[in-house]
Structures are given as C-alpha cells and as structure tokens.
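Note sheet for the following structure.
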Amino acid sequence: MIALVKRDLALAIRAGGGFGLGLAFFLILCVLVPFGVGPEPALLARIAPGILWVGALLAALLSLDRIFQFDYEDGTLEVLATAPLPLEGVALVKALAHWVTTGLPLTLAAAPLGMLLNLPAQAVPALVLGLALGTPALSVIGAFGAALTVGLKRGGLLISLLVLPLYMPTLLYGADAARRGAAGLEASTPLLLLAGISAAAVALMPFVTAAALRMNLR
Amino acid sequence: MSHKYARKGHSSNRQRCAGFHGPPLSAMRIGMEFTVTDLACRRGELTVLSGVGFSVLPGNALVLRGPNGSGKTTLLRCLAGLTPPVAGRLSFESDQVAYAGHADALKTQMTVQETLSFWARVYGAAHTNAAIERFTLASLLTRRIDTLSAGQKRRVSLSRLVLSGRPLWALDEPTVSLDTNAVAQFASAVEAHLASGGAALIATHIDLGLRDAQVMDLTPFRADVDHTTLDPFLSEDAF
C-alpha cells in the first residue's frame, strides 16, 4: 500500500501527472475575483471565505476524473483488483494521493491567497483548519464519484453532478467556520462537524468506492 | 465435457528446476489441481459460457482456443475473480491466479526498474531478479516505459506474472506484438513456470510450441443465448 502511495505521488508529480492543476485553478480564481468584484475591500472581505471555499471545492472537482481513469484505461486497475491488496485499500490510497496533490496544497495556499481577497487576519486560523479538516472528505467522496464513472469516456460532467450534492455539507460548514472566524466568533462547532464529516467519509467511502470499481470492472 | 490430464514426470520436473531462483510458490499450493466444474460466466448482462469443465495439473498448460467472441477472455476474467461466476465451482481461489489481460498495464512515465520494484512490493516478492532473467529485461532497466517498443512493453508486462508468485497463470493473448524470438522466450518462461510446479491457461491463436500443452476449444461451451433479443445490433445481421 505504501508502494502504491509512492507510485501515485511520483506519477502525479512527473510530466502529465496533473499535479498543480487544482492549485493553479485556485490561484487564478483568487487573482481574478478582486478584478471581477471591483475595488471594494469591505465587500471582498465579506465574500472571501465563501470564494475560497468554493474555489477549493471546484479545484478538487477538476482533477477527480484522473483518480481512476488512467489506471482503468491502461489495465492497471484490473491488475490491482486481482493483486493481494484489498480494493478498499486501493480506493483509500487513490483518495489519499488525490488529497496530497490537491487538498493539501490548497490548504497551504489558502492563507496567502486570502490576503489577495482581503480576508481578515483573524479568519485565517478557522479557514486553514477548516480546509485541513474538510478537504479529505472532498477527496474520498470524489473518489467514489470517479469510481462510479470510471468506465465512461469523458465522465467529468457526470462526476460533477454526482458529487456536488455530496459536497454541500462540507462547503456549508467550511465556509461557516471561516465566516465565524472573520467575525471573531467561536468556530469550533462547524469545525467539529467538518471533522466528523471527514472521519465518516474516510471510514465509509472506500468500501462504496471499491464496490463501484468492482461493478465497473465486470 | 471435461478434460483431464495425466500427471507426468512431475517429480522429475521439480528436480530439474532445483536451481530456479524465482519467488517460491508456497508449499501448500504446489501439487494442487486446478479444477473447474460446470462453470457459467457472463460478460455484462450476457451469459457467454456455460457448462465449462476442465482440470489442469501442476506442471501442465491448457491452451484455450475458439473464434473471436467465443468467451476466452470472459473465462479468464472469471477465473481471475474480476467477474463472479454465474454458476459452477472452482477448486481454487482467485488469489492463486495471475491474470494478464490485453492491456499492458504499464505507466509510461516510470522506468522498467521502478515498474518491477513497484509490482514486486505489491505482490510481496523479495526481489525482481527472476522476472528480469526470464524476460531478459536487464538491458532495459533504466529505460522509461514510453521509450520501449510494443514488444518490449509486453515483455515487461508479462514479467509481472513471475513477480506475482502465483501458481496459475491466466494469459489472454500473451504473444500479441511479440516477435518470433520473444515468443520463444515467452514459451520458455511459461515452461520454467510449469517446471516449478505452476500451471497455465493460455488463450492464443498461435502455436507457442509448448511441450505437453493440452488444447481445449471453447466453442462447445458457448451458452445458448438468443442474442437478437439482447443486442439490437446483432438483430440487424450486423456481423
């Protein structure tokens, strides 16, 4: 399993791996929004938590179809399914690799990019903590969507439709935590709920993902 | 209809391979017969094969024949555990089957060495020497997969069978894109596997020149399905 994590990360970083795709998208969004909204620092500060969370969510969504598609197309997924590794483990590792290449960089980049959006400094801890707790859920839920559509050519649109409703709780609590942080309020309730969503998703989704993969490999 | 093969020269086979350095097949697995009884498999919603029965002894190979669409791939995928059987019994678990399908399952951005090490770790093989030796990959180790020819990729892909350490090889058209030399090399790798107490099921259209290989035609096991009710394209006599 560790070998699989290493391989997936190595593949993501090498040419054509798509590492940084989500990050670049996130960066572009945060740079463009101030131009689009206009020079109103107060307005920007108010919408910044929401923009950052929506950006993180869309950036994660952007690279979902890569999670299983390449392995499916070149036959690797079949070999992995018949290998001694449990398919649930493979699903979890793939989601983990997706998180390391998208969720983690987004979390780290959120604080500097928040400055571009005039995010109040006191909101930063809640925003970063919220992203750290919430993005794992985005990756494991997204892996499930990717597994469902793995046999389809250009299943990207379908993944979005399948996965976006499942992303709503994460988005609501994540943006709420950042807003409360910005207003100087206690943010522990939404953060705990985010942690709960991620914990449940990490525990349960690999089984559903593996079942979906088995269906698609038949 | 069932095929049964006599055990022949098995003990001498084992002696002959005393110097073989491959990953050892676990002791309990050696000497086990691979029997399939009254198996029915499907592809998608369509039951393609039914009543398939055969038995392969360790040290033997069974070559599957039949025209395109006769269910060779379906049978091998079923035995590998990718598709659950519709009916019938297998005397072995799918974790004893090393499956090699049409696709090479290689990552173009990785080198041959990295590929072999990765799969060795997945299968828990101690080293990659046996795989490198059997498919003469030593000169290719530092090359990236995307710089290899189709035949070289095929060899790397097939070397994974050796790494798996599994006793039953299920091979789907393994010699596609191999030249005459590489086919002979592949045949000798299969024979070395058989000599070490393994078995092989090979779907192929060409003669591999394997000694003692049995041949089974899958056409008689073709499930009697009215395809026209299932597939609108077939009803138009499209084929």
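Letters A, B, ... are given to chains in the order of the sequence lines, protein chains preceding strands, and every chain is numbered from 1.
- Minimum heavy-atom separation, B/R121 to A/K6: NH1-NZ, 3.8 Å.
- In this structure, CZ on A/R218 lies 13.0 Å from SG on B/C41, to the nearest 0.5 angstrom.
- Looking at A/L77, neither its backbone nor its side chain comes within 4.5 Å of chain B, counting heavy atoms on both sides.
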task = Could you please spell out the steps behind the side-chain contact (heavy atoms from CB on, under 4.5 Å) verdict for A/E78 and B/L82?
result = CA-CA 8 Å; A/E78 281 183 357; B/L82 286 168; 4.2 Å; yes

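- Counting non-hydrogen atoms of other residues, nucleotides and ligands closer than 6.0 Å to OH of B/Y123 gives a total above 12.
- Residues A/T76 and B/A105 share a closest heavy-atom pair of N-CB, 3.5 Å.
- If you tally non-hydrogen atom pairs under 4.5 Å between each of B/G101, B/P84, B/S94 and chain A, the highest count goes to B/P84.
- Applying the 6.0 Å contact sphere to CZ of A/F26 captures more than 12 heavy atoms from other residues, nucleotides or ligands.
- The OG1 atom of A/T82 sits 9.5 Å away from atom CZ of B/R77, with the distance rounded to the nearest 0.5 Å.
- Looking at B/R43, neither its backbone nor its side chain comes within 4.5 Å of chain A, counting heavy atoms on both sides.
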task = Take A/F70 and B/K107, measure what side-chain contact (heavy atoms from CB on, under 4.5 Å) needs, and give me the verdict at the end.
result = CA-CA 9 Å; A/F70 294 143; B/K107 291 289 167 202; 4.0 Å; yes

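- Nearest heavy-atom pair, A/G75 versus B/A103, reported as atom, atom and distance to 0.1 Å: CA-CB, 3.9 Å.
- With a threshold of 4.5 angstrom between heavy atoms, A/L4 approaches chain B through its backbone and through its side chain.
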key: side-chain contact (heavy atoms from CB on, under 4.5 Å) between B/V122 and A/L85, intermediate numbers included   = CA-CA 7 Å; B/V122 167; A/L85 302 175; 4.2 Å; yes

request  = May I have the step-by-step check of salt bridge (Lys or Arg N to Asp or Glu O under 4.0 Å) for B/E114 and A/R7, ending in yes or no?
outcome  = CA-CA 9 Å; B/E114 286 170 330; A/R7 185 201 72 141; over 6 Å; no

